[in-house]
Every structure is written in C-alpha cells, then in structure tokens.
2 protein chains.
Amino acid sequence: MTDINFSRGPADPDSQGAAGTSPATRAGEMRWDIIELLFFAYRDFVGDADHELEAFGFGRAHHRVMHFVYRYPGLKVADLLDVLRITKQSLGRVLKQLLDEGYIVQKTGNNDRRQRLLYATPKGEALVAKLAGLQTDRITHALRDINPEGVAAISQFLRAMIDRDDPDKVLEAIFGIGSKKPRE
Amino acid sequence: MTDINFSRGPADPDSQGAAGTSPATRAGEMRWDIIELLFFAYRDFVGDADHELEAFGFGRAHHRVMHFVYRYPGLKVADLLDVLRITKQSLGRVLKQLLDEGYIVQKTGNNDRRQRLLYATPKGEALVAKLAGLQTDRITHALRDINPEGVAAISQFLRAMIDRDDPDKVLEAIFGIGSKKPRE
DNA sequence: AAATTTATGTCAGTCATGTTGACATATCTT
DNA sequence: AAGATATGTCAACATGACTGACATAAATTT
C-alpha cells in the first residue's frame with residue numbers, strides 16, 4: 001500500500017550547508033524533533049477546544065478572548081490587542097459577539113472613563129472552564145509520569161521559548177514582574 | 001497608565017464547580033500555567049518563520065507543506081492531507097504554488113502510477129533550512145540551561161500531548177513504530 | 001478654553017486559508 | 001468490465017486575519 005520512502009532527511013543533506021544564512025543552518029544541527037513535536041502537540045492541544053467550540057458557534061478567536069478576559073478580569077481592549085497580536089477590527093467582531101451573547105460584560109473604567117474594562121459573565125466563565133478542563137485533562141495526562149524536576153524543566157523550557165522584549169501586560173503577570181506568584 | 005486589576009483568576013472562582021462537566025472543572029485544578037505558556041511559546045515559535053515567509057510571499061500553510069515534504073521525501077498527497085488535517089482543495093492551492101515556483105517536484109510512483117510523490121528541490125530545501133534554522137535557534141536557546149534529564153522530560157511531555165489514535169504516516173515515523181507494516 | 005492625544009468603535013474592502021460538494025481522469029484491483 | 005483509489009479541479013462560501021479611514025468621548029496638554 002504505502003510505499004513511501006521513509007528514510008529521514010533530504011536526499012542530499014549536504015546541499016544545505018551553503019544555502020542558509022542563519023546561525024543554525026546545517027541539517028545535522030536542526031532540532032527537527034522538537035520542531036515537529038511542537039507542531040503536533042499544539043495541533044492536538046487546540047483541537048480539544050476547537051471541537052467543543054463548534055457547539056457554541058464559536059471559533060478559536062472567541063476562545064482566546066474569553067480565556068484572557070476570564071483570567072485577567074478588567075482587561076482593557078488595548079491590552080487584549082497586545083496579547084492576541086491582532087488588529088482592533090479583528091478583535092471587534094469577536095468581542096461584539098461575546099458581548100451580545102452575554103459571555104462578557106464591559107464596565108467603564110473608574111479612573112479613565114474612556115476605557116472599557118472586560119469581565120467574563122458566569123456564562124463566559126462556564127465556557128472557559130469547560131475548555132480549560134479539556135486542555136487540563138490532556139496536560140495532566142501528559143505530565144502523569146514526569147517527576148517534579150521534569151515538570152520544572154518543561155515550565156522553564158516553555159518560558160524560555162517566549163519573547164521577552166516588549167512583553168504585554170499578561171506576560172508581565174505570568175513572568176511575575178511584580179513579585180506575584182503564578183498559581184502553580 | 002494601566003490601572004488594570006491584575007489579581008489572578010475570576011472574581012468568583014467558586015462559581016466554576018457546578019458549571020462544567022469534564023473531569024477537570026474546578027478552577028483550582030486547571031493547569032492555567034501550562035495552557036498559557038503553550039499559547040505564548042507557540043505564538044512566538046511560529047512567529048519566527050512567519051516573518052521570514054513574508055519575504056517569499058508565502059504563509060504558514062506553505063511552510064507546513066515544505067517542511068514535511070523536505071523531511072519525508074516521497075510523501076504522497078494523501079499522506080500530507082493526513083498530517084496537515086486540511087482538505088484537498090486547501091492543500092491544492094498551496095501545493096500548486098510551490099510546484100509552479102520550483103520549491104517542490106512531483107514524481108510518479110513506481111509501484112502505483114496514480115501517486116504523485118513529493119520531493120523538495122534545492123530551492124525548497126534552502127527555504128526549509130532557513131526557517132528551521134530560526135526555530136532551532138530559539139529551541140537551542142530555550143534548552144540552554146536544561147540538563148539531559150530535563151530535555152528528556154520535555155520530549156516525553158510533548159509526545160504525550162499528541163493523540164495516538166489513528167496516527168498518520170509521519171507520526172508513525174516520529175514515534176518509531178518499528179515494524180514493517182505500521183498500517184495493514 | 002482650545003487643541004491635541006488617547007481609547008474605543010465602526011465602515012469598506014481585501015487576503016489567506018480553511019470548508020463542502022461535485023465532478024473528471026488515470027490507474028489499480030477485483 | 002466494473003469498481004475503487006489517488007489525484008486534480010471547479011464553484012461557492014466561512015472565518016479570521018489585514019489596511020486605511022473616520023467618528024466619538026474623554027483625558028491631557030498647551
């Protein structure tokens with residue numbers, strides 16, 4: 001049936017050396033393993049939520065907004081734009097739906113009445129909890145046979161994969177700039 | 001400045017318990033840390049390639065196709081569909097561009113002349129190497145201070161995050177299903 | 001007080017990438 | 001010869017990105 005050549009790597013690995021210009025260009029030095037594991041792990045990780053979201057008529061964009069609004073109550077629209085790295089227009093459509101359908105409420109800022117601070121409603125909280133539950137189940141399973149040192153290494157690795165130049169508000173909170181300890 | 005309430009978690013965490021139905025529904029049991037680290041880590045991980053791809057007039061879809069064609073020479077179209085989990089039409093557009101612009105070539109299968117086996121050209125290999133170089137640099141940096149046991153834990157974690165029911169050809173290769181006949 | 005900047009919202013149009021369903025062709029299998 | 005399979009292509013559509021322009025209210029600066 002499947003007569004694919006599954007020898008790993010290109011037919012002529014040596015042809016790589018001269019082509020690229022970035023520091024790691026020789027095929028032998030590439031972290032193909034981690035690159036591909038990240039692809040598949042993330043694909044299935046978000047797949048959990050994707051499937052559930054269909055029942056709500058929502059997409060990934062809605063999930064991301066709901067998640068961060070729930071997790072960081074009182075988030076401003078501008079902060080959300082920084083975190084999600086999308087444009088105002090893209091966010092606007094999704095946010096409007098979530099507001100209209102009662103998953104999120106806005107409150108005018110106390111200090112600055114131009115701001116619309118965002119909060120999840122109980123309905124919104126339930127959705128986030130449901131999705132996070134699915135993802136937590138997968139994570140818990142994946143961590144099952146890993147000892148505390150291993151878990152620490154995983155956490156350290158993921159943190160070190162994140163850009164730290166010009167972090168947004170949420171990242172500052174995650175990395176505990178203000179001595180706030182992430183729940184762990 | 002930013003007068004956001006950055007207390008962690010929802011205003012009323014206890015409201016979660018009754019709402020959800022999946023195993024992990026109580027807010028205190030959620031792996032918010034890993035969930036968010038995965039989001040940011042993957043965002044920045046793929047961001048490396050995204051930026052570079054603009055110069056080629058390509059998007060993420062092109063990268064994914066090029067990557068797997070380069071890594072698994074002789075991949076069939078059907079295998080690529082399994083791996084990427086997209087439809088024939090979506091793949092078709094992207095694949096046609098890569099063929100037209102000389103990044104990929106097709107060869108008719110020897111055993112089965114209906115098959116179009118895909119191979120990266122030197123031009124395609126150079127592109128993959130460049131993008132993988134950027135991502136490898138990030139990974140290498142993130143693994144810098146992690147000992148071999150930690151790296152093993154990271155690898156194990158990522159593998160365990162991946163669905164193993166009905167794995168595709170590439171996953172079978174990654175997980176080293178050693179027998180001659182992985183699927184029938 | 002007036003002018004400017006900021007935070008947000010919205011409109012119009014475009015693009016990339018995904019979808020479904022139908023259908024055509026060549027080739028392999030029965 | 002008939003049917004199944006691998007691939008390619010068509011039309012139509014959905015989502016979620018984008019740019020650029022513009023409007024409003026509120027804060028800030030002059």
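Quick caveat: nothing in here was measured; it's all calculated off a predicted structure.
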Indicate yes or no for a side-chain donor-acceptor contact from [X] to the backbone of [Y] under 3.5 Å, with no hydrogens or angles considered.
| X | Y | value |
| --- | --- | --- |
| B/Ser90 | B/Ile86 | no |
| B/Thr136 | A/Arg31 | yes |
| B/Lys123 | B/Glu101 | yes |

Base, sugar-phosphate, or nothing: which does A/Gln106 touch, judged by heavy atoms less than 4.0 Å apart?
->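 Sugar-phosphate: the residue A/Gln106, judged by heavy atoms under 4.0 Å, touches backbone atoms but no base.
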
Name the nucleic acid region contacted by A/Gly59, choosing base, sugar-phosphate or nothing; use a 4.0 angstrom heavy-atom cut-off, strictly under.
->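 Result for A/Gly59 = sugar-phosphate.
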
Of A/Arg85 and B/Val77, whose closest DNA chain D nucleotide lies nearer the 5' terminus?
->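 Nearest-nucleotide comparison on DNA chain D picks B/Val77.
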
Is the closest side-chain heavy-atom distance between [X] and [Y] below 4.5 Å?
| X | Y | result |
| --- | --- | --- |
| A/Lys88 | A/Leu81 | yes |
| B/Phe157 | A/Val151 | no |
| B/Phe39 | A/Val46 | no |

5'-most by nearest nucleotide on DNA chain C - A/Arg93 or A/Arg116 |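 Going by which nucleotide is closer to the 5' end, it is A/Arg116.
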
Under 3.5 Å, which N/O atoms of the protein pair with N/O atoms of nucleotides 19-21 of chain D?
unit_1	atom_1	unit_2	atom_2	d
D/dG20	O6	A/Gln89	NE2	2.9
D/dA21	N6	A/Gln89	NE2	3.3

[X] [atom1] to [N] [atom2]: how many Å, rounded?
| X | N | atom1 | atom2 | answer |
| --- | --- | --- | --- | --- |
| B/Arg113 | D/dT5 | CZ | C1' | 15 Å |
| B/Lys107 | D/dT7 | NZ | P | 16 Å |
| B/Leu81 | D/dT7 | CG | C1' | 10 Å |
| B/His51 | D/dA17 | NE2 | P | 19 Å |
| B/Asn111 | D/dT7 | CG | P | 13 Å |
| A/Lys76 | D/dA26 | NZ | P | 16 Å |
| B/Leu117 | D/dA6 | CG | P | 13 Å |

Answer yes when B/Arg138 and A/Asp163 have at least one side-chain N-carboxylate O distance shorter than 4.0 Å, and no when they do not.
->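 Salt bridge flag = yes for A/Asp163 with B/Arg138.
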
Candidate pair A/Ile154 and A/Leu143, rule side chain to side chain contact (heavy atoms under 4.5 Å, CB included), full reasoning | CA-CA 10 Å; A/Ile154 290 160; A/Leu143 292 175; 3.8 Å; yes

Distance below 4.0 Å between A/Arg114 side-chain N/O and D/dA27 OP1 or OP2 =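 For A/Arg114, the contact criterion (side-chain N or O under 4.0 Å from OP1 or OP2 of D/dA27) is not met.
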
Span of DNA chain C, from the first to the last nucleotide whose atoms fall under 4.0 Å of chain B heavy atoms =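 The footprint of chain B covers C/dT17 to C/dC28.
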
Indicate whether any N or O donor in one side chain lies under 3.5 Å from an N or O acceptor in the other, for A/Glu52 and A/His63.
->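 No - no donor-acceptor pair under 3.5 Å links their side chains.
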
